[in-house]
Amino acid sequence: MPKTNEDVAELLDEMAELLAISGYDPFRVRAYEKAARAVAAYAKDIDGMDDAGILAIPTIGKGMAVRIREYLDTGAMHELEELRAQIPAGMRELIHIPGLGPKKARIIAEELNISTVEELIAAIGEHKLKDIKGLGLKTEENILRGIEQLRQHGDRIRVDIALALAEELMEGLKSCSAVIDIATAGSLRRMQETIGDIDILASSKDANGVMEAFLELEMVGRTIARGDTKCSVLTLRGMQVDLRVVPPEAWGAALIYFTGSKAHNVKIRGLALKKKLTLNEYGLFKLDTKTRVAARTEEVVYKRLGMPWIPPPLREDGGEVEAAAGGTLPALIAEDHLKGDLHTHTNLTDGQAPIEEMVDAAAKRGLEYYAVTDHAEGLPMMRVTREKLLAQRKIIDALQKKYPSMTLLHGMELNIDKAGNVDYDVDTLARFDWLNASVHGLFNLTREEQTKRIIAAMENPHVHAIGHPTGRQIGRRQPIDFDPEAVFAAAVRTGTALEINCFPDRQDLKSDHVRRAREHGVTFTISTDAHSVNHFRNVRYGIAIAQRGWLEPSMVLNCKPLSELKEFVARKRAR
DNA sequence: GCCGTTTTCGGCCCGACTGTTTTCAGTCG
């Protein structure tokens, strides 16, 4: 079985976690974390690389290369196996409890012979922790709360839900006159697909006043921590929100600090030191005189570090700092680059709105083209027929006259069966302008079967794009297991686009797949899969995935004019 | 474990907050 960069990165991350629990030097732990990110972000496939190739990956030294080599050759990393054997599985759950890190977890485990969350709860019930040096009654209470929080919100919250909540909180704070600037930060500003806790940054000359106003907001529940510049609360629904307040002159530096990621901050702070500067949330300072040289905006801080402003979705220490310093940051795609939507539904199948409403709303988006792609009859629940789908053409032709500035495309979302076949014969398919094919069932086939079926669908000259390629639904359904490198290579070979589905519970492809596929030269589509007019606003989530995957508009089919879209379709059909 | 105009050892980003501490370690981001 091929070994992907992601596979290797996952193992290195696991090594880091297990080493941390085992009490190893934190810098060694960080070395593994850094290596994992570097491998995941590396442009070339690690499988089949020679030793020199592996050593060419940034932050990979001799020791790391040997371990990666071992895994590529044998499928295992013996040190990892040993650590796994030494550390009970339950122990690893302990350090995921908020407030409990590797140090305390290890002390507790050793002193009380505890290795599961259940045993920990029991020990706290008997107040056994407070007898350990450095721990006390408060620690016991906090750990219990942490466990409760983990169980309630163990799954991270979807970005759209977090964003709505953050916007509501910020709206509530706007009436506070002490607030000068306010913005989301953290993983939410970086637009990760799921969010652990919400970070909000404000600038003010009266930090206390801002925090008072914040704590009085209706949706704020219990206060976890409260200091002079920072407080953490749980909302009534159990979501953690951190508010940090800084003086307005430090806004830019604070925004960088609070946006993260942690790894990105570590990287640019290291860079600052090399320039005899030090960076914290209050600004960029000269190391010797402590004079502040930049702080007011993010732009001036990055500029003083010798690089242009880095868009937040890139700030993951995935090579963006090096790219910025070298002047090779991607010219990132943005929402207004999109000229069309290539995956949408109507109430002919499972959409909620009639075609007229969908098309009208699409025209108001200012799109150049718009594809109506209802489900084909391979999905039995849809009660649709070939005749009904073909008849939709007449409605589209009539609507086209009403909306002359937007070209309507008649399409379908086909269903990929077990063998990779789709709903209709070639002659029927040829009567449509644009065809997505998607997996809607058989989610548990083997990796080989899934890979084969997707590639077979891409071989079809009338399949122009694969819709929501992994079929995952965040928090509800795992992605299907296919070999991403094989699928990406086949997409390029067959001239088939891969969709970035904007639905917040799909976000499929995900950004690290996008980044890898980009290196293969894959063409992408970014489509809403809208089932109602409201779903058009989900475009922001698809764009976020594309940005996190370093995409430029030239890599996305529906950023191109209609003529180029038609050429793409024609090329595929000529195969 | 990585790395090097501080180069083969000794560093490795920085500060807020908490709880247990009389000066600091752990956790978090």
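First the proteins, then the strands, lettered A, B, ... as listed; each starts at 1.
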From CG of A:L277 across to P of B:dC14 the rounded distance in Å is 11 Å
Ranking A:M64 and A:F27 by the position along DNA chain B of their nearest nucleotide, the one closer to 5' is A:M64
- Item | Distance, C1' atom - from B:dG11 to B:dC17, rounded to whole angstrom | 27 Å
Under 4.0 angstrom between A:R28 side-chain N/O and B:dG1 OP1 or OP2 = yes
For A:K267, look at atom NZ and say whether over 12 heavy atoms of other residues, nucleotides or ligands are found less than 6.0 Å away.
-> yes
Which pairs would a plain distance check flag for residues 272-280 of chain A, meaning a side-chain donor or acceptor within less than 3.5 Å of a matching protein atom at least two apart in sequence or in another chain?
unit_1, atom_1, unit_2, atom_2, d
A:N280, OD1, A:Y282, N, 2.7
A:N280, OD1, A:G283, N, 3.2

note: A:M211, atom CE; B:dA16, atom P; distance rounded to Å ~ 12 Å
With rounding to whole Å, what would you report as the distance between B:dT27 and B:dC13 at their C1' atoms? 16 Å
*Reckon A:D25 touches a base, only the sugar-phosphate, or nothing at all at heavy-atom distances under 4.0 Å?*
base
If the P atom of B:dG4 is compared with that of B:dT8, how far apart are they to the nearest Å?
12 Å
Separation of B:dT18 atom P from A:R222 atom CZ, nearest Å, is 12 Å
Rounded to whole Å, the CZ-P distance (A:R269 to B:dG15) equals 7 Å
For nucleotides B:dT23 and B:dT18, find the distance between their C1' atoms and express it as a whole number of Å.
15 Å
Legend entry - Ion pair check, A:R189 and A:E298, cut-off under 4.0 Å: yes
- Going by atom types only, do A:E552 and A:H337 share a side-chain donor-acceptor pair under 3.5 Å? no
*Phosphate contact (B:dC14 OP1 or OP2) by A:N265 side-chain N/O below 4.0 Å*: no
query = Under 4.0 Å between a side-chain N or O of A:N280 and OP1 or OP2 of B:dG15?
reply = yes
Atom NE2 of A:H264 and atom C1' of B:dC14 are separated, to the nearest Å, by 14 Å
**Report entry** Cationic N near anionic O, under 4.0 Å, A:R67 to A:E79
**Finding:** yes
For B:dG26 and B:dT20, measure between their P atoms and round to the nearest Å. 14 Å
- Query: Heavy atoms under 4.0 Å, any strand shown: does A:T278 hit a base, just sugar-phosphate, or nothing?
  - Reply: sugar-phosphate
Here the distance between atom P of B:dC13 and atom CG of A:L287, to the nearest Å, is 13 Å
Could you go over nucleotides 25-27 of chain B and give all protein N or O partners under 3.5 Å, atom names and distances?
unit_1, atom_1, unit_2, atom_2, d
B:dT27, OP1, A:G101, N, 2.8
B:dT27, OP1, A:G101, O, 3.2
B:dT27, OP1, A:K104, N, 2.8
B:dT27, OP2, A:K103, N, 3.2

Which part of the nucleic acid, if any, lies within contact of A:K34, taking any heavy atom under 4.0 Å across all strands shown: a base, the sugar-phosphate backbone alone, or nothing? nothing
Lys/Arg N to Asp/Glu carboxylate O, A:E33 vs A:K262, below 4.0 Å: no
Margin query: With a 4.0 Å cut-off on N to O distance, would you call A:E485 and A:R516 a salt bridge?
Written below: yes
Taken to the nearest whole Å, CD1/A:I198 to P/B:dG29 is 13 Å
Rounding to 0.5 Å, atoms CD1 (A:I200) and CE (A:M170) come to a distance of 6.0 Å
Taken to the nearest whole Å, CD1/A:I68 to C1'/B:dG1 is 12 Å
Q. Is A:Y257 near enough to B:dC28 that one of its side-chain N or O atoms lies under 4.0 angstrom from OP1 or OP2?
A. no
Note: for A:Y32 and A:E281 on DNA chain B, the residue whose nearest nucleotide lies more 5' is A:Y32
For this session: Assign A:T229 to base, sugar-phosphate, or nothing according to its heavy-atom contacts below 4.0 angstrom with the strands shown.
Result: sugar-phosphate
Item to check | Under-4.0 Å side-chain N/O to phosphate OP1/OP2 contact, A:R244 with B:dG15 | outcome: no
Between A:I195 and A:V159 the two heavy atoms that sit nearest each other are CG1-CA, 3.9 Å
* Presence of A:R67 side-chain N/O under 4.0 Å of B:dG1 phosphate oxygens OP1/OP2 -> yes
>> Using a 3.5 Å distance criterion without hydrogens, assess whether the side chain of A:D25 forms a donor-acceptor pair with backbone atoms of A:F27.
In response: yes
Protein-nucleic acid N or O pairs under 3.5 Å, nucleotides 20-23 of chain B:
unit_1, atom_1, unit_2, atom_2, d
B:dT20, OP1, A:G136, N, 2.8
B:dT20, OP1, A:G136, O, 3.3
B:dT20, OP1, A:L137, N, 3.3
B:dT20, OP1, A:K138, N, 3.3
B:dT20, OP1, A:T139, N, 3.2
B:dT20, OP1, A:T139, OG1, 2.9

* Asked: Does a salt bridge link A:E140 with A:K130, judged by any charged N lying under 4.0 Å from a carboxylate O?
  -> no
Answer for the Watson-Crick or wobble partner of B:dT8, both distances under 3.5 Å, is none
